[in-house]
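Computed over heavy atoms, backbone and side chain alike; hydrogens, waters and symmetry mates excluded. To find a chain, count down the sequence lines: A is the first, B the second, and so on, and within it residues start at 1.
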Amino acid sequence: MGDYVRQLQFPGDSSDLSRRAPLALRLHLDVPLLLLLVVLTLFGLVVLYSASGQKMAAVVRQGQYFLLAYGVMFLAAQIDLKRYQRWSPWFYLLGVLLLVGVIFFGVGAKGAQRWLSLGGFRFQPSEILKLVMPLTVAWYLSSRTVPPRFKYVLACLLLVAIPSVLILLQPDLGTALLIAASGLFVLFMAGIGWSYIVGAFLLACASAWPVWMYVLKDYQKQRILTLLNPESDKLGAGWNIIQSKTAIGSGGWEGKGWLNGTQSQLDFLPESHTDFIIAVLAEEFGLRGVLFLMALYLLIVLRGFWIAVYANSNFGRMVAGSITLTFFVYIFVNMGMVAGLLPVVGVPLPLVSAGGTSVVTLMAGFGLLMAIATGDSGRPR
Amino acid sequence: MPQHIPLKDPGGEARIFIARTLFSVLLVLALLGVILARYHDLQINDHEIYRTQSDRNRVQLQPLPPKRGLIYDRNGVLLADNRPSHILSIVRERVEDMDATLADLQQLLPISESDLENFRQKLQRRRPYEAVPLRFRLTEEERALLAVNRHRMPGVTVDAQLVRHYPHGALFSHAVGYVGRINEREAQSLDERDYRGTFHVGKVGVEKFYEDLLHGEVGYQNVETNAHGRVLRVLERFDPVPGADITLHLDFQLQQTALAALGEQRGAVVAIDPLDGGVLALVSTPGFDTNLFVNGISSADYKALRDSPDVPLFNRAIQGQYPPGSTVKPMMAMAGLQAGLVTPESTVADPGWYSLPGDSRRYRDWILKIRGTGHAPRVDMHMAVAESCDVYFYDLARRLTIDRMHDYLSGYGLGKRTGVDTTNERPGVLPSTRWKRDTMNQPWYPGETLSAGIGQGYMLATPMQLAAATTVLATRGQARTPRLLRSVAGQTQPIDARETITAPPDYWDAVHESMRAVVHSARGTARKIGEDIRYQMASKTGTSQVIGIAQNAIYVEAEVAERHRNHGLFIAFAPYESPTIAVAVIVENGGGASAASPIARAVLDAWLVDEAALDSEATAGALADG
């Protein structure tokens with residue numbers, strides 16, 4: 001089946017690929033994915049111009065981030081998948097060490113230590129884990145049979161747990177959950193039994209009470225309570241949700257028009273250019289705009305799964321599947337929280353919210369997807 | 001769980017991946033469906049609700065506080081105006097850390113405890129996004145400091161508002177009163193709608209009495225604001241109706257003269273126009289700068305005012321209740337005539353003391369300790385008033401009895417509030433047997449009637465009451481309710497007049513004659529102030545004893561000796577033939593009437609002479625020489 005697929009995707013003889021393959025393939029670029037990303041990022045800049053209060057500087061800065069991110073994506077696409085496979089445990093070790101370092105030497109604000117400061121340059125080690133985690137779990141499983149046996153599942157869970165707990169200690173619940181999920185998605189793609197999944201789900205439900213009592217900080221509980229009843233604290237924690245729902249709802253089908261959203265232009269909407277940017281889009285472009293964005297995301301996700309299915313190694317399939325699912329989780333969580341479906345956690349709208357770090361990480365992930373899609377080292381033996 | 005063989009099975013593995021991927025796609029589609037349903041719900045089903053909410057967000061109804069009416073004296077001199085004042089306010093919702101912001105602000109400019117307390121109280125009852133005032137009357141320098149530091153203090157705003165200003169400081173403190181910041185208690189009784197956007201309300205005096213006139217009506221505007229409350233556009237506007245400008249009967253010159261004449265002494269002057277009841281002067285000393293109260297007096301300033309032994313906050317003109325002493329004698333003489341107990345010709349023997357029949361106790365006349373004898377062997381009414389003979393009025397009081405005395409004297413407005421249009425007026429006391437039974441649950445003793453006959457004992461009157469009583473004497477029984485308000489927005493106010501005493505003209509002639517003799521006769525008790533006088537007045541001196549009267553709990557023990565000297569009183573109306581002014585003066589612990597009479601003369605001079613006679617200096621000089 002694998003050979004058949006390769007032929008459909010890459011007609012021609014693979015041995016002289018470098019000479020005869022199309023330019024995109026030689027550059028290790030997946031054209032459909034690239035086109036979708038370009039449309040998405042351009043649309044993101046249009047929304048950002050409005051959301052930032054019509055500041056061209058914000059758009060220019062975000063454009064620079066995008067250029068950097070595309071560069072990172074391009075580089076990530078060039079690296080052979082085998083190398084990823086070989087390097088991933090070492091990156092994992094490095095990431096865990098850095099996370100331990102955060103606990104001892106970290107800097108941060110508002111009671112959370114999330115950054116390491118190296119020579120004036122601040123970065124979040126947890127960001128590294130977003131890619132390293134699925135790579136590492138996939139690396140571990142790739143040399144074993146699929147679906148994995150019980151003891152390997154346990155080992156995977158340990159691999160997932162160590163960095164997750166370290167991030168939870170910072171404390172950064174949202175990131176910890178996302179990173180844990182990216183590792184678990186690999187297990188899911190590897191085909192672990194449904195009994196594990198159902199069991200884990202039941203365990204999660206059962207642990208909800210102790211987690212609420214002993215793990216969650218007050219501000220995290222507040223976010224959940226606010227979600228359940230935003231009216232209870234109209235001017236405090238509920239303000240964001242009420243204003244974002246008002247922005248979305250008042251947009252209607254057609255929207256108020258670009259730059260005409262009163263909620264966002266008159267500063268009623270908080271965090272309008274970062275986590276809540278979807279509300280600006282919904283207010284100014286209406287449900288039409290939301291559908292357009294969702295269609296773009298859906299196409300990207302479908303392309304991601306396409307790449308996963310047609311990857312020619314288990315490692316590639318598991319990584320591609322996990323990256324795609326994680327990308328979707330971002331979309332779901334962000335769109336859900338802004339619309340008042342989920343608690344407010346600090347998750348940006350992928351590739352639309354202003355910010356450099358998340359964009360670079362995401363695009364590195366897409367670079368990885370392209371490496372899987374276009375690489376030849378993992379082809380069937 | 002099936003046992004897997006540890007062998008690679010690429011085909012089987014691919015199938016697993018495809019199954020899981022398909023499941024993932026279905027999951028993604030389902031979750032996107034949930035999200036889509038939610039957005040559809042918000043944007044289509046509940047669109048109207050959120051559109052309305054968004055408009056309500058954007059559009060704010062803002063109160064436009066009305067401009068407070070101005071207060072003028074009778075000649076158009078401004079007594080209370082409004083000046084732009086810069087106010088530092090805070091919008092709670094915009095502030096991230098209130099305590100830190102307050103601490104920051106305190107670094108920049110002085111904020112008193114009372115400012116903070118006031119602010120915290122108002123913070124409790126504000127509406128969302130309402131700016132709560134913290135500091136009033138910012139100086140130029142403070143505004144500059146705030147402007148520089150504003151960027152790091154979100155939620156802090158500086159607005160200009162018109163705030164009351166009293167250009168003449170202490171001169172009109174007791175006559176006009178003052179406004180102050182609305183406190184918690186007032187906030188509950190005031191109409192919340194009318195006072196939206198208004199920070200001040202009349203606290204005392206005319207400012208309080210005519211609050212409704214002066215306040216005006218609040219206006220509104222619909223404005224589009226951003227979330228910081230900054231107004232971007234006015235959509236609709238209903239202008240406020242400014243408060244009415246009011247003119248008082250008060251005369252700036254007269255007020256100044258009275259204050260200067262009182263000088264450092266504690267006392268009060270009330271002058272009234274007998275024709276319309278207009279209050280021409282109302283002075284109580286010491287006064288205080290009313291501007292201190294407008295924006296919240298500092299606790300140090302307030303403590304100084306409250307704890308001063310001279311009680312400057314006490315309005316002696318309407319709150320000070322003093323024994324009227326001999327100033328009641330003209331009214332007593334009139335009562336005797338009306339009751340048929342005396343005639344202008346009838347006389348009483350005056351050995352310098354008086355005793356009740358069957359009682360050996362001697363009631364002394366004040367002249368006894370000076371001359372060792374009475375005013376004359378026999379004293380008639382004219383002499384009794386002019387020389388202030390006590391014996392004559394002891395005898396008259398005894399025959400009149402206390403209850404009839406009460407009835408006749410109440411025609412002059414004693415014993416009840418005059419109804420002058422200001423706040424905190426006290427009623428004084430006009431005793432009667434019933435009054436004593438009601439208030440003290442005791443019978444009336446005959447000796448007390450004699451004291452009452454010369455305005456001592458239980459009898460108490462405020463300077464305002466004495467001035468009003470003097471107008472009744474001047475108008476021959478035509479009472480006018482004293483009025484500070486002369487006109488509202490150019491509209492003259494009606495006079496509240498009624499006849500309270502009906503008596504034949506010759507009675508009034510006789511009493512007036514005797515009052516004229518107080519100044520204009522060789523033996524009159526106030527003959528000293530008659531020198532160089534260019535008009536004639538009818539008057540009466542009075543001295544009231546302080547010792548033995550449980551009145552002054554406010555006085556400190558340290559100054560007992562000085563504080564126990566008698567009060568000096570003086571009432572007068574002038575010109576004699578057709579009076580245009582009636583005045584009452586009291587000088588606390590002045591020793592006697594001689595402390596009060598020159599003050600009255602100065603006031604009458606200012607009213608009668610300065611304007612009319614000065615146009616001809618030569619005539620004035622000739623009169624003085626003659």
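- Between chain A and the options R38(B), H40(B), E48(B), the largest number of non-hydrogen pairs under 4.5 Å is found for R38(B).
- For L293(A), no part lies near chain B; criterion is any non-hydrogen pair under 4.5 Å.
- With a 4.5 angstrom heavy-atom cutoff, A247(A) does not touch chain B via any of its atoms.
- With a 4.5 angstrom heavy-atom cutoff, I44(B) touches chain A only via side-chain atoms.
- Looking at Q221(B), its side chain never comes within 3.5 Å of a backbone N or O of V234(B) through a donor-acceptor pair.
- Of the listed residues (I35(B), L29(B), V34(B)), the greatest number of heavy-atom pairs within a distance under 4.5 Å of chain A belongs to I35(B).
- Side chain of Y39(B) to backbone of M335(A): a donor-acceptor contact under 3.5 angstrom is found.
- M153(B) CE to I90(B) CD1: the interatomic distance, rounded to the nearest 0.5 Å, is 8.5 Å.
- More than 12 non-hydrogen atoms from other residues, nucleotides or ligands lie less than 6.0 angstrom from NE2 of H200(B).
- Proximity to chain B (any heavy atom under 4.5 Å) is restricted, for L325(A), to the side chain, taken from C-beta onward.
- Per-residue counts of heavy-atom pairs under 4.5 Å with chain A were compared for L27(B), L32(B), D46(B), D55(B); the largest is that of L32(B).
- Evaluated for a side-chain contact (heavy atoms from CB on, under 4.5 Å) with L36(A), the options L296(A), L302(A), V301(A) yield exactly one hit, L296(A).
- Among the candidates I331(A), L298(A), V329(A), the residue making the largest number of heavy-atom pairs closer than 4.5 Å to chain B is L298(A).
- Using a 4.5 Å heavy-atom threshold, the side chains of E283(A) and T262(A) count as touching.
- Heavy atoms of L22(B) lying under 4.5 Å from chain A are absent altogether.
- Contacts with chain B were tallied for Y297(A), F185(A), W194(A); W194(A) has the most, counting heavy-atom pairs under 4.5 Å.
- Heavy atoms from other residues, nucleotides or ligands lying under 6.0 Å from CD of E217(B) number 12 at most.
- For F328(A), the part sitting under 4.5 Å from any heavy atom of chain B is the side chain, from C-beta outward, and nothing else.
- Classification of E117(B) and R120(B) as a salt-bridged pair fails, no side-chain N sitting under 4.0 Å from a carboxylate O.
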